Number of protein chains: 2
Amino acid sequence: MSEKRPTIYDVARVAGVSRSLVSLVLRGSDKVSDASREAVETAIAELGYRPSRAASELASGRTETIAVLIDDYANTWFVDLLRGLEGELARDGYRVSVVDTAGATDTEALRRSVDALLSLRADAIVVARDLPPSLTGRTLTTAVAPPLVVAGTRLDMPEGVDGVANDDAAGARLVAEHLLALGHRRIGHLAVAGGAGAARRASFVAAVAAGGGEVIVVEHDGAATEAEGRAAALGLLRAHPELTAVFGANDLMAIGVLGAARELGIRVPEQLSVAGYDSTEIAASGVIDLTTVDDRSYDMGVEVGRMVRDLVGGRPAAGERRVLEPTLIPRGTTGPARRL
Amino acid sequence: MSEKRPTIYDVARVAGVSRSLVSLVLRGSDKVSDASREAVETAIAELGYRPSRAASELASGRTETIAVLIDDYANTWFVDLLRGLEGELARDGYRVSVVDTAGATDTEALRRSVDALLSLRADAIVVARDLPPSLTGRTLTTAVAPPLVVAGTRLDMPEGVDGVANDDAAGARLVAEHLLALGHRRIGHLAVAGGAGAARRASFVAAVAAGGGEVIVVEHDGAATEAEGRAAALGLLRAHPELTAVFGANDLMAIGVLGAARELGIRVPEQLSVAGYDSTEIAASGVIDLTTVDDRSYDMGVEVGRMVRDLVGGRPAAGERRVLEPTLIPRGTTGPARRL
DNA sequence: TTGTATGCGTTATCAA
DNA sequence: TTGATAACGCATACAA
């Protein structure tokens with residue numbers, strides 16, 4: 001803890017070259033003689049030198065970082081998106097930095113989270129949750145803000161912002177049609193807060209109604225966790241024993257429904273069909289085997305990566321939209337409606 | 001995208017004060033007159049100014065950031081640790097930045113991940129996975145490296161490094177005793193790579209043997225995912241139909257075992273008992289209802305946070321250890337051994 | 001291919 | 001309580 005960290009100066013001195021030479025080697029320039037390069041590299045190894053990101057960011061004006069804003073680490077739908085994004089941007093040398101807003105319960109805390117996000121000075125920001133209000137203000141449409149790409153729901157995308165969307169309305173409709181085809185007419189839905197939740201809910205209710213069914217919706221404005229889903233489902237199933245199916249707004253909540261059903265001694269899918277949304281890894285598990293909607297978040301990550309590259313490369317934000325069509329993944333938790 | 005980002009200079013000019021004054025306001029100093037403070041604040045709001053972290057880090061030498069290295073976002077055991085850590089460090093104004101190594105399959109890629117981690121120049125590094133070799137080298141014991149705290153397993157902690165450990169040996173023993181008490185004698189174990197996995201495995205095998213039982217271990221060096229656990233369990237259960245219980249090295253793999261059992265038509269817990277480790281949120285779900293070990297990762301996060309504060313505050317690394325005693329959470333996936 | 005000089009946006013040390 | 005000024009460690013013209 002005594003000596004100071006080595007800087008590019010130290011490396012240059014040890015290698016017997018100038019600072020710029022070291023910088024060139026660091027940045028992988030090909031206009032450096034092999035001798036110099038080697039000298040620099042051994043000096044780096046010897047000193048245990050690591051470049052200071054702060055200094056290089058400050059000098060270059062670029063952070064080579066893409067910041068991703070998510071809701072909650074516990075809701076793992078973003079994992080595939082991240083993999084797609086990283087895969088797409090790794091070649092360009094970008095780092096991906098994740099920031100969660102799970103702790104930000106009130107708008108003030110959310111604003112602080114966004115401030116922290118912005119102070120990262122990332123080259124681009126990917127928002128994989130509802131767009132926080134503080135990210136849409138006047139100041140952010142100007143030079144102050146880095147390029148923004150929203151990975152979200154088809155509706156609710158603000159004007160002029162680029163984004164890749166899942167067609168939540170279509171996904172929810174797939175679930176509705178699946179359940180209707182199985183004979184379900186009295187269906188529960190555990191809605192969640194936010195744009196995607198609203199889109200899924202509205203579309204689901206409309207599609208079921210169009211098919212001659214009826215939906216009992218349970219509102220829910222807290223975290224969209226398994227525990228919350230379970231509690232909500234317990235209330236719903238007790239109050240509405242006539243329901244033959246429940247659609248959870250995401251996999252986590254749907255898994256909560258499965259837990260509630262088990263607790264109440266309701267067999268799935270014989271007595272109750274359950275569907276989720278997001279196609280998380282855990283939903284594919286043999287024990288869960290949850291019917292769900294694949295929103296293609298990996299592909300979404302790839303598309304987001306491309307947009308980010310375009311925007312960082314200079315293309316002006318033009319509110320470009322790409323919509324990915326979700327597909328239904330029928331599994332073991334949905335089956336024919338029970339006879340009443 | 002035309003105008004440049006406002007800097008502290010611009011704020012000073014608009015507010016009619018000096019740059020240092022602005023800096024003082026930013027850092028919340030109390031030796032600033034109310035008039036100046038207000039002028040600065042309105043200027044900040046007007047310009048949409050955000051401080052540059054790069055510049056402030058460079059000038060101050062502090063990043064106010066704690067970097068956390070994890071394995072994989074999909075294995076959510078770290079979530080509680082993170083919450084504990086953030087809760088403990090939030091008051092001190094520290095940010096927490098998570099870096100995953102899921103993409104780093106070979107040692108070279110891992111080294112690059114670690115380089116990226118180090119270049120963050122975080123004020124401290126928390127390693128919540130096996131300590132990568134490149135983080136223990138000679139260079140890192142000197143001034144080059146920031147304080148390091150390991151959140152890991154009790155064994156395998158390198159000399160001189162501070163850390164908070166889960167007593168994996170004790171946890172695995174709890175599982176062994178639980179299963180033995182239920183009459184199980186022929187037990188399978190899905191091991192995982194890494195220190196925690198090795199500790200759990202060794203302790204489990206020893207404890208079962210001491211109780212007169214026998215363990216069939218399936219090695220596994222890939223990712224510790226649900227899918228892998230399921231595949232491994234399928235092989236294990238087919239080859240060893242005499243097993244009455246299986247202990248998965250973590251919840252994800254144990255859930256894989258549940259899936260395999262279901263696929264093979266084996267009833268849990270009537271015909272097969274299954275236990276996991278980590279007490280993840282999903283394991284608590286009513287559908288899973290997995291017997292598991294609570295390794296108290298939230299508390300671990302809090303302890304890690306305290307150590308980090310001490311180390312950043314100047315206490316020299318002294319290889320301090322704190323060990324948290326795990327507890328068994330018996331749930332519905334374990335029951336009396338079936339009669340053979 | 002290599003070296004020099006300047007600036008990036010802050011913080012921190014002094015003076016005032 | 002305020003202001004001027006020197007670091008901080010690197011990138012990048014530009015010059016050699």
Side-chain angles (χ1 to χ4, degrees), chain A residues 3-41 43-44 47-65 93 115 118-123 143-144 146, chain B residues 3-41 43-44 47-65 93 118-121 123 143-144 146:
Chain A
E3 358 158 13
K4 292 176 57 186
R5 277 174 168 157
T7 74
I8 201 171
Y9 282 73
D10 302 309
V11 175
R13 187 169 33 71
V14 170
V17 298
S18 76
R19 308 193 282 293
S20 20
L21 240 297
V22 178
S23 182
L24 286 178
V25 172
L26 249 40
R27 315 205 66 228
S29 166
D30 54 348
K31 29 182 72 177
V32 176
S33 72
D34 289 348
S36 300
R37 181 188 308 283
E38 201 172 326
V40 169
E41 276 166 356
I44 286 176
L47 292 167
Y49 165 81
R50 317 263 168 186
S52 154
R53 252 171 79 168
S56 91
E57 287 174 19
L58 185 57
S60 72
R62 279 171 283 106
T63 60
E64 310 267 87
T65 295
D115 272 1
L118 287 171
S119 74
L120 277 176
R121 294 278 165 115
D123 292 346
V144 181
Chain B
E3 357 160 12
K4 292 176 52 186
R5 277 175 169 154
T7 73
I8 201 170
Y9 282 72
D10 302 309
V11 176
R13 187 170 33 71
V14 170
V17 299
S18 75
R19 308 190 274 296
S20 341
L21 239 299
V22 178
S23 180
L24 286 177
V25 171
L26 250 39
R27 316 205 65 228
S29 165
D30 54 347
K31 30 182 66 177
V32 175
S33 71
D34 289 348
S36 300
R37 180 187 310 282
E38 202 171 326
V40 169
E41 277 165 356
I44 286 176
L47 293 169
Y49 164 81
R50 318 259 169 190
S52 155
R53 251 171 79 167
S56 115
E57 288 174 19
L58 184 58
S60 71
R62 277 170 283 106
T63 60
E64 312 264 89
T65 295
L118 288 171
S119 74
L120 277 175
R121 295 277 167 115
D123 292 346
V144 179

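Please read all numbers here as calculations on a predicted model, not as lab measurements. Here is how names work: the chains are called A, B, and so on, in the same order as the sequence lines, proteins then strands, and each is numbered from 1.
- Remark: the backbone N or O of B/Thr63 is paired with a side-chain donor or acceptor of B/Thr65 at under 3.5 angstrom.
- Taking 4.5 Å as the limit, some side-chain heavy atom of A/Ser23 sits within range of a side-chain heavy atom of A/Ile8.
- In plain terms, the two heavy atoms of A/Thr7 and A/Tyr49 that are nearest each other are C-CE1, 3.6 Å.
- B/Leu26 and B/Pro51 get closest at one heavy-atom pair: CD2-CB, 4.3 Å.
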> How does protein contact run along nucleotides 7-16 of chain C, one letter per nucleotide 5' to 3', with B for base contact, S for sugar-phosphate only, - for none, heavy atoms under 4.0 Å?
Replying inline: BBBBSB----
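- The end-to-end axis angle of the helix from C/dT1-D/dA16 to C/dA16-D/dT1, rounded to 10 degrees and based on five pairs per end, is 30°.
- Put simply, chain B comes within 4.0 Å of DNA chain D, heavy atom to any atom, from D/dT1 to D/dG9, going 5' to 3'.
- Inter-residue side-chain proximity for B/Lys31 and B/Ser29 is flagged as met; some heavy-atom pair is nearer than 4.5 Å.
- Rounding to the nearest 0.5 Å places CD of B/Glu57 at 7.0 Å from CD of A/Glu57.
- Across B/Arg5 and B/Asp10, no two heavy atoms sit closer than the pair O-OD2, 4.1 Å.
- Side-chain contact between A/Pro146 and A/Asp123 is absent, with no heavy-atom pair separated by less than 4.5 Å.
- Across A/Val40, A/Val22, A/Ile44, A/Leu47, a single residue satisfies side chain to side chain contact (heavy atoms under 4.5 Å, CB included) together with A/Val14, and that is A/Leu47.
- At least one donor-acceptor pair under 3.5 Å links the side chain of B/Ser60 to the backbone N or O of B/Ser56.
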